[in-house]
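A quick note: this is a predicted structure, and the numbers were derived from the prediction, not measured.
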Amino acid sequence: MNQNQVQNPETQVPKTPQMNDRDFLNDMLATEKYMTSSYSVFLHEASHQQLYQDMLNIFTETQNCQRELYNLMFQKGWYKLETADPQKLQQSYQQFQGYTSQFPYQATVQ
């Protein structure tokens, strides 16, 4: 396994022309990501309070489903993450730490 990747041992699935469990979960995860993104746009632009609340509830349910699918895929080793380079993290932190002086209020970033 690549040292720069975070991944669980991969659960093997048959390699056939038919969709397997991994294919189905991947498709469902992509759909949930698309839906949460779309709901987010709607929530930014909703002007009717009750409709906003209803859609917020649907968004939350969809987001929770997306997270459960992600967790399942990661658990089965079907979702890989790249580790962050500590030096790049430190550079980004220093860059954005400098932005705090530009805030209209003085907040502390930790």
Side-chain angles (χ1 to χ4, degrees):
M1 182 166 70
N2 184 342
Q3 292 294 339
N4 293 330
Q5 289 185 344
V6 177
Q7 178 186 15
N8 288 315
E10 187 171 343
T11 302
Q12 296 300 311
V13 291
K15 307 269 193 245
T16 64
Q18 291 80 26
M19 288 182 70
N20 56 42
D21 289 346
R22 179 181 177 174
D23 296 332
F24 282 113
L25 285 175
N26 194 45
D27 184 55
M28 291 167 53
L29 180 60
T31 300
E32 294 294 330
K33 286 180 176 182
Y34 173 77
M35 290 172 61
T36 56
S37 177
S38 297
Y39 288 145
S40 180
V41 170
F42 175 89
L43 291 170
H44 290 300
E45 299 174 359
S47 61
H48 188 273
Q49 186 60 33
Q50 186 58 50
L51 182 57
Y52 172 83
Q53 285 300 322
D54 291 342
M55 291 304 292
L56 181 60
N57 291 337
I58 294 169
F59 169 83
T60 302
E61 289 177 20
T62 304
Q63 181 64 37
N64 290 340
C65 286
Q66 181 270 323
R67 184 65 182 174
E68 289 177 25
L69 288 166
Y70 161 80
N71 286 337
L72 181 59
M73 288 192 70
F74 185 77
Q75 179 183 23
K76 291 185 172 286
W78 298 336
Y79 204 104
K80 301 173 190 171
L81 303 173
E82 296 291 325
T83 58
D85 178 7
Q87 185 177 2
K88 287 182 180 179
L89 284 175
Q90 184 62 31
Q91 288 172 346
S92 293
Y93 174 79
Q94 290 172 348
Q95 174 187 353
F96 290 105
Q97 180 67 23
Y99 293 163
T100 58
S101 64
Q102 299 173 22
F103 291 159
Y105 54 89
Q106 292 303 312
T108 57
V109 177
Q110 298 180 11

Do you reckon Met19 sits in the same ILVMFWY cluster as Met73, going by side-chain contacts under 4.5 Å, direct or chained? no

For a quick test of reading the model, state the closest non-hydrogen atom pair linking Tyr79 to Phe74 and the distance between them. O-CD1, 3.2 Å

Here the gap from Asp21 atom CG to Gln12 atom CD, rounded to the nearest 0.5 Å, amounts to 12.5 Å

Pair Asp54, Gln50: side-chain N/O donor-acceptor within cut-off below 3.5 Å: yes

From OG1 (Thr62) to OH (Tyr39), nearest 0.5 Å: 5.0 Å

If I compare all heavy atoms of Trp78 with all of Thr11, which pair ends up nearest, and what's the gap? NE1-O, 2.7 Å

Heavy atoms from other residues, nucleotides or ligands near CD of Gln87 exceed 12 (cutoff 6.0 Å): no

Backbone N/O of Thr36 and side chain of Ser40: donor-acceptor pair under 3.5 Å: no

With Gln75 via side chain to side chain donor-acceptor pair (under 3.5 Å) - residues at least two apart: none

To the nearest 0.5 Å, what is the distance between CG (Leu51) and CG (Leu56)? 11.0 Å

Can you tell me how far OG of Ser92 sits from NZ of Lys88, rounded to the nearest 0.5 angstrom? 9.0 Å

Flag for Gln63-Gln66: side-chain donor and acceptor within less than 3.5 Å: yes

Heavy-atom nearest pair, Phe42 first then Met55, reads CE2-CG, 3.1 Å

Would a distance-only check, ignoring hydrogens and angles, find a side-chain to backbone donor-acceptor pair under 3.5 Å from Asp23 to Asn20? yes

Quick one, Lys76 with Asn8, criterion side chain to side chain contact (heavy atoms under 4.5 Å, CB included). Give me CA distance, side-chain angles, the key distance, then yes/no. CA-CA 7 Å; Lys76 291 185 172 286; Asn8 288 315; over 6 Å; no

Linking Ile, Leu, Val, Met, Phe, Trp and Tyr by side-chain heavy atoms under 4.5 Å, what else ends up with Leu89? none

So, applying side-chain contact (heavy atoms from CB on, under 4.5 Å) with Thr31, which one of Met35, Lys33, Met28 is it? Met35

Test of understanding: clusters of I, L, V, M, F, W, Y form through side-chain heavy atoms closer than 4.5 Å, transitively. Do Leu29 and Leu81 belong to the same one? yes

